[in-house]
Amino acid sequence: MSDTPIDRVAKATPPSVASKIRGLSDRAIAWLFVLPTIFLLLAVNIFPLIWTINLSFTNFRANRPNREVDYIGLRNYERILTDEDIWLTMQATAHFLFWTIFFQVLIGFTLAWLINRKFKGNDLWTTLIVLPMMLSPAVVGNFWTFLYQPQIGLFNYGISFLTGIDPSSFQMIGDVTLAPWSIVIVDTWMWTPFVMLICLAGLRSIPDYIYEAAEIDRASQWRQFWTITIPMVLPFLMLAVLFRGIENFKMFDLVVQLTGGGPGSITELTSINLKREAFEKWRTGYASAYAIILFVTVFGLASIYVKALNKVKER
Amino acid sequence: MSEVRLSNLSKAFGETIAVDDVTMTIPNGALVTLLGPTGAGKTTILRLISGLEQPEGGDVSIGGRSVVDDTPAQRNVAMVFQQYSLYPHMSVQDNLAFPLRSPLLKTPAEEIERKVSEIAEVLRISHKMNNKATELSGGEMQRVSIGRALVREPTIFLMDEPLSSLDAKLRSDLRIELKRIQENLGATLLYVTHDQIEAMTMSTHVGVLDHGRLVQFGTPREIYENPVNLYVAGRLGQPRINVLPADMFAGAPAGADKMGLRPEHIQQGEGKGSMVKRIEHLGDQIRLHLTLDGHDVVTLSEPHSDLEPGDTVAIQPRNPLFFDASGVRIT
């Protein structure tokens, strides 16, 4: 047998050092390292999930733990899917999701594109634009209630300044038609910078020489934008949409602080609605079924989307 | 295709002077090679002609018309970039078709298809047409990059070391192919290379650059046989020209400081004795590394010579090149 350096090291190393010291096999040690993680995962993820599924078939109420629990089959699911109020909540969520993502992508990409045209002080602009993102959503929700104030609010004043409408003639938060837009505006204000940053990363990933080649190939600015910029930024853009979609599907703090779900339940998004069912009305079984339905919906949408994203990346 | 004329062209990047007062005419239908080490300004000259870079002084004219105020698109030049610059998100097919798909040209789809497959055939990338540009080897990318230029009919082709990352066989095949295409099209081509075989065999003219200045411009034979100075003499020739003190042998002209000896300037069998240090067998010839009075001399010998290290060979110069103390050629 040849005596390579590796062989020599192997010979010099005693078999399973650990077993001599502690009387444990290497395999046992491996398990020791993995077990805490497995335990944690089971305790905070797997078990609650299974327990929620179990509860979703019952009429259990968490505020009456001593009452006898009945298994009622699919009754909870039936009631949720036929409940018109819940469909309205879903619609409110869809409206919120669609328009926030639409505006954030549109404005975010435009800002990124402008910032990316190397001009003096663009770093300062980036920092300024990113500021809203660094605030707490609850604080943002709270101070926008002041900005939306019909008499003293800056937002109403600004609209009045631009269009000439009397500032106290409309209420962003109190009005049934305006309230859904009020939350869209605030979320867009807060999270457009995030989309902008991701788009900026995408734009900066396109090397200059690609544009030089296109320039030589006699492609107009317009053609360069549509055949080079957009396709190359698209994976980044889709990632931004995914992040914002997931975040806004579970939107809670900002909207609760801003409108509290009102007027009526016009801006009551599913997460707010769910919280009410679970921790105000204490319909634990019903809320569990609700949570499972939401989980399946989000999971389904997300996996379709991620597939599309991968396709774009592969292109 | 058009004549391209550079007059007193200058360009600096901050403190570094990249191109220094270059005047050069690239005749219509010529293949001009730019030679020079890294940083000599070869690539910058290509970029100035293409319009990707603006000159600080001087003029570029294509077909008799000054183009310094034109955009690259208006100049209608084709360029092969050193770093390939393929569109990474497109297939090879789309990369090759990109210049033809310009809405301005209104080229019919079948015409594009035909041209692209023709070029792909020549460059031997037909089997990779549906690959993404990023799924290619360096040599394949380089061929796509050449193809993207060749599908067009530009005023001038600018090529920045287009064959540098190909393997030896493909390189010599494509060298001939490229020359054939250039002659068939009657294309004007400005070519940057480090490879002296490319410079010698393909070009009608060679321009030698040193620190942004054009030192000599002429046919490859002129550059090889009549270099204006030591620098130019060192750019062409394999093995490199041997530089010895002029007074080592009798017959140096007045003012000569250095003597340049190419292998064909060295006659073996007579003259001063030199020791064989090393022998390199190249197959078709033998490269001899000699020591002559403490100076290294490299020359060629018959492939069947039975010399061995330690042997002594008598050598003497035959019509060598002489240079003065500043390196300028005397005779």
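Worth saying up front: this structure is predicted, and the values here are computed from it rather than measured. Chain letters run A, B, ... following the sequence lines, proteins first and then strands; every chain starts at 1.
- Partners of A:I159 according to the side-chain contact (heavy atoms from CB on, under 4.5 Å) rule, which considers only residues two or more places apart in sequence or in another chain, are A:F155, A:T163, A:F170.
- Note that A:R223 lies in the cation-pi zone of B:F98, set by a 6.0 Å cut-off to the ring centre and a 45° limit from the axis.
- Close approach to chain A, defined as a heavy atom under 4.5 Å from one of its heavy atoms, is seen in B:P72, B:A73, B:N76, B:V77, B:A78, B:M79, B:F81, B:Q83, B:S85, B:L86 of residues 58-86 of chain B, taken by number.
- The OG atom of B:S50 sits 9.5 Å away from the CD atom of A:E215 when rounded to the nearest 0.5 Å.
- What you find for B:R152 and A:I216 is that their closest heavy atoms are NH1-O, 2.8 Å.
- Comparing A:S220, A:A214, A:A219 by heavy-atom pairs within less than 4.5 Å of chain B, the highest count is held by A:A214.
- Shown here is B:N130, whose CG atom has no more than 12 heavy atoms of other residues, nucleotides or ligands within 6.0 Å.
- A heavy-atom distance below 4.5 Å is found between the side chains of B:P88 and A:I210.
- A distance of 6.0 Å separates NE2 in B:H89 from OG1 in A:T227, rounded to the nearest 0.5 Å.
- For B:R5, the salt bridge (Lys or Arg N to Asp or Glu O under 4.0 Å) partners at least two apart in sequence or on another chain are B:E3.
- For B:E135, the CD atom is densely surrounded, since the number of other residues' heavy atoms within 6.0 Å is greater than 12.
- Every pair passing ring-ring contact (aromatic ring centres under 6.0 Å, His included) that includes a residue from residues 182-216 of chain A is listed here, sequence neighbours excluded: A:F143-A:W189, A:W144-A:W189.
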